[in-house]
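For reference, the structure discussed in these notes is given below.
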Amino acid sequence: MEFVRSIPELRAAVRSARSHGKTIGLVPTMGAMHEGHYSLMRRARLECGFVVVSLFVNPTQFGPNEDLSRYPRDLEGDAAGSAREGVDMLFIPTTDEVYPANHKTSVAVSGLTERLCGRSRPSHFQGVTTVVAKLFGMAQPDRAYFGEKDYQQLQVIRRMTRDLDIPVEVIGCPIVRESDGVAMSSRNRYLSAHDRVAARVLSRSLAGARQRFAAGERSVEALVNPVRAEISGATGVALDYAELLDASELSEIDRVVAPAVLAVAAKVGPARLIDNTVLDPTTGA
Ligand code: AMP
């Protein structure tokens with residue numbers, strides 16, 4: 001596995017791989033990697049001849065009072081893990097490489113970014129879409145891999161790619177969970193043993209909603225209210241939101257008659273955690 005820090009080096013490697021007929025796959029990450037990240041790399045490895053993983057803790061997607069300065073970093077572990085997954089290139093740009101002093105452009109997607117995390121983190125998605133558009137420009141991948149764990153992010157990136165006619169196939173990959181159901185996240189590293197147990201309430205409440213859905217419940221209120229109650233009632237957990245929305249537009253619905261996403265966010269100890277599940281009335285699951 002090769003390490004590169006500059007955009008010209010990345011471009012040269014990508015150009016060479018493409019000239020050898022290879023498909024380019026990109027997996028954008030902020031590091032502190034876990035099985036969720038590795039699942040994306042594995043999928044990219046299966047589908048692409050040249051796999052680039054980017055590791056960049058993007059400052060523009062953090063709000064002023066968020067965890068940018070203490071975001072977990074583990075370059076050694078990340079490099080070893082990426083190499084183990086057969087990644088060809090780890091792209092680790094500096095902040096100056098990504099945002100030179102005179103940069104003036106950002107990318108924003110409206111509508112889809114207004115609810116859920118967009119409400120509690122007002123500038124977050126503009127930071128995400130800007131950096132992802134830039135990474136697409138830097139690496140010029142054929143395919144890019146994102147986790148459904150960050151469901152809203154995935155939908156926003158899909159829309160940006162479509163609306164800006166960016167020739168990248170955006171591929172969503174399933175949520176990877178710990179054995180107790182907790183969705184893997186770099187931010188789980190912030191949790192004490194006690195917080196870690198408390199964090200189970202997110203996936204447990206979603207599983208409860210899935211059961212009610214499988215039993216035929218289609219009313220949004222009847223599906224979401226118990227999720228809100230369960231998370232709000234948990235000690236050491238502060239609910240941010242629990243919402244059931246149309247799965248692709250992220251718009252409000254009253255009943256689940258088309259695929260819908262049940263998304264939750266909560267502060268557990270020092271960490272803001274998110275989780276979601278998609279409810280599909282065509283399969284009842
Ligand atoms: P991050 O480093 O947190 O920005 O995540 C990098 C990529 O990994 C994003 O596309 C995430 O959605 C994805 N990801 C993070 N956690 C998981 C998970 N538990 N399962 C699947 N994908 C994940």
Side-chain angles (χ1 to χ4, degrees), residues 25-48 51-63 66-68 70-75 77-79 81-82 85 87 90-93 95 98 116-117 121 124-136 139 141 143-161 168-191 196 199-200 202-203 206-207 261 263-265 268 271-278:
L26 173 69
V27 180
T29 82
M30 298 208 301
M33 292 173 191
H34 48 70
E35 272 303 307
H37 296 106
Y38 298 134
S39 72
L40 307 186
M41 295 178 204
R42 238 165 270 148
R43 174 91 183 265
R45 185 67 287 166
L46 282 176
E47 298 179 353
C48 306
V51 176
V52 179
V53 170
S54 62
L55 195 177
F56 179 61
V57 181
N58 176 36
T60 65
Q61 71 188 68
F62 288 80
E66 293 183 0
D67 56 344
L68 173 62
R70 64 191 172 98
Y71 195 80
R73 285 161 213 256
D74 177 14
L75 181 52
D78 294 347
S82 305
E85 298 303 339
V87 166
L90 194 55
F91 174 51
I92 317 175
T95 303
V98 178
L116 306 176
C117 288
R121 307 182 71 191
H124 171 69
F125 285 113
Q126 185 162 322
V128 169
T129 41
T130 300
V131 83
V132 171
K134 286 169 70 64
L135 288 167
F136 284 0
R143 298 196 175 116
Y145 297 82
F146 296 89
E148 287 169 1
K149 154 87 180 351
D150 297 272
Y151 188 88
Q152 186 176 19
Q153 167 176 284
L154 173 61
Q155 299 312 314
V156 168
I157 290 168
R158 281 192 200 289
R159 193 62 59 92
M160 170 191 79
T161 307
V168 174
E169 191 184 343
V170 173
I171 294 164
C173 303
I175 301 177
V176 179
R177 297 179 179 281
E178 303 282 0
S179 55
D180 65 355
V182 170
M184 290 197 183
S185 165
S186 303
R187 291 187 167 99
N188 290 350
R189 297 186 189 206
Y190 298 147
L191 302 175
R196 181 60 188 69
R200 292 180 189 157
L202 271 67
S203 53
L206 294 178
V261 62
V264 297
V268 182
R272 183 178 182 282
L273 302 181
I274 58 173
D275 200 348
N276 71 82
T277 190
V278 172

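When a ligand or atom number is given, it counts from 1 through the structure's own listing order. Because only heavy atoms are used, hydrogens play no part in the values below, and waters and symmetry mates are left out as well, while side chains stay in. Bear in mind that the values here come from a model prediction, so they are computed numbers and not experimental data.
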Decide, yes or no, whether a salt bridge links Arg272 with Asp67 under the criterion of side-chain N to carboxylate O below 4.0 Å. no
Using heavy atoms and a 4.0 Å limit, tell me yes or no: is Ala32 in contact with ligand 1? no
Does Met33 come within less than 4.0 angstrom of ligand 1, counting non-hydrogen atoms of the residue? no
Assess Arg70 against Tyr190: is NZ or CZ under 6.0 Å from the centre of the six-membered ring, and within 45 degrees of the ring's axis? yes
Partner of Val264 under side chain to side chain contact (heavy atoms under 4.5 Å, CB included), chosen from Leu116, Leu202, Leu273: Leu202
Proximity to ligand 1 by part of Ser185, non-hydrogen separation under 4.0 Å: neither
Are any of the N/O atoms in [X] less than 3.5 Å from those in ligand 1?
{"X": "Ser39", "answer": "no"}
{"X": "Ile175", "answer": "no"}
{"X": "Phe146", "answer": "no"}
{"X": "Cys173", "answer": "no"}

What atoms of ligand 1 come closer than 4.0 angstrom to any heavy atom of [X]?
{"X": "Met184", "answer": "16 (N), 17 (C), 18 (C), 19 (N)"}
{"X": "Pro174", "answer": "20 (N), 21 (C)"}
{"X": "His34", "answer": "15 (C), 16 (N), 17 (C)"}
{"X": "Pro28", "answer": "6 (C), 7 (C)"}
{"X": "Lys149", "answer": "16 (N), 17 (C), 18 (C), 23 (C)"}

Hey, are the side chains of [X] and [Y] touching, using non-hydrogen atoms and a 4.5 Å cut-off?
{"X": "Tyr151", "Y": "Ile175", "result": "no"}
{"X": "Val57", "Y": "Phe62", "result": "yes"}
{"X": "Thr129", "Y": "Arg159", "result": "no"}

Counting non-hydrogen protein atoms only, what is the nearest one to [atom]? Give residue, atom name and distance.
{"atom": "atom 10 (O) of ligand 1", "result": "Gly147 N, 2.9 Å"}
{"atom": "atom 12 (O) of ligand 1", "result": "Asp150 OD2, 2.6 Å"}
{"atom": "atom 5 (O) of ligand 1", "result": "His37 NE2, 3.4 Å"}
{"atom": "atom 4 (O) of ligand 1", "result": "Met30 CG, 3.6 Å"}

Are the side chain of [X] and the backbone of [Y] linked by a donor-acceptor contact shorter than 3.5 Å?
{"X": "Asp180", "Y": "Arg200", "value": "no"}
{"X": "Ser186", "Y": "Gly31", "value": "yes"}
{"X": "Asp74", "Y": "Ala32", "value": "no"}
{"X": "Lys149", "Y": "Ser185", "value": "no"}

Quick check on side chain to side chain donor-acceptor pair (under 3.5 Å): which of Arg43, Arg42, Glu47 does Tyr145 satisfy it with? Glu47
Pick from Leu40, Ile274, Val176, Ile171: the one approaching atom 20 (N) of ligand 1 most closely through a non-hydrogen atom: Val176
